[in-house]
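To find a chain, count down the sequence lines: A is the first, B the second, and so on, and within it residues start at 1. Remember, predicted model here, so these are calculated numbers, not experimental data.
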Amino acid sequence: DTAVSQTPKYLVTQMGNDKSIKCEQNLGHDTMYWYKQDSKKFLKIMFSYNNKELIINETVPNRFSPKSPDKAHLNLHINSLELGDSAVYFCASSQVWDRGGRDTPYNEQFFGPGTRLTVL
Amino acid sequence: GEDVEQSLFLSVREGDSSVINCTYTDSSSTYLYWYKQEPGAGLQLLTYIFSNMDMKQDQRLTVLLNKKDKHLSLRIADTQTGDSAIYFCAESMRGGGNKLTFGTGTQLKVEL
């Protein structure tokens, strides 16, 4: 099936640990994203990569380090986990990246199923 | 600013129409979107509208955009129990690197 997949679906860990969440898309897209959804369901972008290059970094603590080994993968590594990191993390991908030209293309983002991270 | 606001909760009877509202503050929005999130699932794009349009219809869904008031709405005709979910509006802006700014989400509950 063509899709955006994430592993693991659930992740329970202790404060202070280091963990990674993996994301893969087989849609042939150039751009990938990480979003965080908090306990109140508020969704906010964290990072965006285009062709393995970091494009957006939205004031995320440097304990969070995205890594894109290739265009189809964008992994999220989190060091020294804190209670406030508990959330659902969504990966997404889209075909092209908006460079801000006059004709901005419509560019649907496809979301993965999410990873629920619980820090105890 | 990038504030996108929605009412938190909406309850309707099956078969009625639902109207979910969204207000945004940034007038440079290029596209506006409606996403649906079912419990324990990811986000599913329902529909979108380009900022130079004021209405878009897609089967049971009607999107209205009032740029002057920065108001977006989603009308679901003949609402079914399967429409129960959280609905998010979102905006993207030219040169924003495709960043989606999401609204606060509206929980739609459809009662029999």
- Message: Please classify the contact of Gln6(A) with chain B as side chain, backbone, both or neither, using a heavy-atom distance under 4.5 Å.
- Response: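 Contact with chain B is absent: no heavy atom of Gln6(A) under 4.5 Å.
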What part of Tyr35(A) lies closer than 4.5 angstrom to a heavy atom of chain B: side chain, backbone, both or neither?
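For Tyr35(A), side-chain heavy atoms alone lie under 4.5 Å from chain B.
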Worksheet item: Can you say whether Ile86(B) sits under 4.5 Å from chain A via the side chain, the backbone, both, or neither, judging by heavy atoms?
Response: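 Interface part for Ile86(B): side chain.
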query = Is chain A contacted by the side chain of Gln37(B), its backbone, both, or neither, given a heavy-atom distance below 4.5 Å?
reply =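 Just its side chain gets close to chain A.
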What residue in Ala92(A), Gly114(A), Pro113(A) has the most heavy-atom pairs under 4.5 Å with chain B?
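Max contact count across the listed options: Pro113(A).
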**Asked** Does the ring centre of Phe88(B) sit less than 6.0 Å away from the ring centre of Tyr35(B)?
**Response**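 No, too far apart.
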* Please find out if less than 6.0 Å separates the ring center of Phe110(A) from that of His29(A). =>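 Yes: the rings meet the under 6.0 Å criterion.
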Check your understanding: Is it true that the NZ or CZ of Lys56(B) lies under 6.0 Å from the centre of Tyr48(B)'s six-membered ring and within 45 degrees of the ring axis?
Key ->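 Satisfied, under 6.0 Å and within 45°.
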Only counting residues at least two apart or in another chain, list the ones meeting side-chain hydrogen bond (donor to acceptor under 3.5 Å, both in side chains) with Asn52(B).
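Expected list: none.
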Next item on the list: For the pair Glu38(B) and Lys36(B), find out whether any cationic side-chain nitrogen is under 4.0 Å from an anionic carboxylate oxygen.
Entry: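 A salt bridge is present here (some side-chain N lies under 4.0 Å from a carboxylate O).
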